[in-house]
Amino acid sequence: MDRYVVIGNPISHSLSPAIHARFAEQTGESIRYERLLVALGEFDGEARRFFDGGGAGANVTLPFKVDAFEWADSSSERARAAGAANFLIARGRRIEADNTDGVGLVRDLERNLALGLRDARVLLVGAGGAARGVVAPILACAPARLVIANRTLERARRIAERFRAEGPIDAVALDAIPAEPFDLVLNATSASVHAEHLALPDRVFIGGALAYDMAYGAAADAFLERARERGMRVSDGLGMLVEQAAESFWLWRGKRPATQGVIGELRARRA
Ligand code: NDP
């Protein structure tokens, strides 16, 4: 039976084993998928041990996505654009890295939440690894405008410079977000995960638009509650999580699982 793991620290909270178990049932694939807790600074050795022991593939989560990207023998264009990898696959002795987070977000927005990104005005808050990973896939959908706002302006500027040739992207500080209507406000900060206040001006919360927090579960509640009070449609990042997993499953197994039922089940379980 082919073996897969999700590597992270912490990792006990990860929903990935449950998601992949449902995908395997659905597609009739026989796989083993487990959590692998790795100590900080130990990524290379543990990943080597797993793949030397016959591991077929791995998902990688915080805080090891950059380590995974740097450790792999080769990487996809989208992993290079993100500078980080959440996906590894063994091809003989060689390990290839990819990044399925961006495509996961775009599929959740466009298919599950019916938000077309073409010509949309998008505000992306945050400029860490998650934000960087979704910029190229969003720009590939031809939005009217992508504004990236970050507490540390310089990080947002670096991302805007890197992707300027791929579409209409601008960088601003959190307190300088332009007073214009956005169709989508994406929270890609880790403020909610650390239970910290996210200092966003009220004017970005406009009724009718979609507010999306890449965090999921209770971590997304504060941002989404504020948006809901202002009449916005809201979603946490659970759909993104399931969609990035489905893309991983497809790359490993060559079968594309149905996702909406799995998202519904996980939401029902939380409720
Ligand atoms: P990083 O640590 O790389 O980046 C954190 C970002 O949050 C930075 O831009 C940082 O700003 C900003 N930030 C942190 N605290 C605050 C605050 N109090 N006020 C304003 N800005 C703040 O994290 P990641 O990019 O890897 O992850 C971000 C989020 O995305 C997490 O919640 C993560 O769980 C989620 N995620 C969800 C996925 C899914 O499948 N649903 C996939 C990947 C990530 P500064 O630069 O100023 O420090």
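In each ligand, atom 1 is the first atom listed, and ligand 1 is the first ligand listed.
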First-shell residues of ligand 1 [heavy atom, distance under 4.0 Å]: L62, K65, D101, G126, A127, G128, G129, A130, N150, R151, T152, R155, L174, A188, T189, S190, A191, V193, E196, H197, L198, M214, A215, Y216, G237, M240, L241
Parallel, tilted or perpendicular: rings of F23 and F249 (30°, 60°): perpendicular
Under 3.5 Å, side-chain donor or acceptor atoms of residues 188-197 against the rest of the protein: list the pairs with distances, not counting sequence neighbours.
| residue | atom | partner | partner atom | Å |
| --- | --- | --- | --- | --- |
| T189 | OG1 | N187 | OD1 | 2.8 |
| T189 | OG1 | A191 | N | 3.2 |
| S192 | OG | A219 | O | 2.9 |

Over 12 non-hydrogen atoms of neighbours within 6.0 angstrom of CZ in R267: yes
Plane angle bin for H20 and W252 - parallel if under 30°, tilted between 30 and 60°, otherwise perpendicular: tilted
Non-neighbouring partners of F182 that pass ring pair (Phe, Tyr, Trp, His ring centres under 6.0 Å), sequence neighbours left out: none
Any residue meeting ring pair (Phe, Tyr, Trp, His ring centres under 6.0 Å) with Y216, in chain and number order, not counting sequence neighbours: none
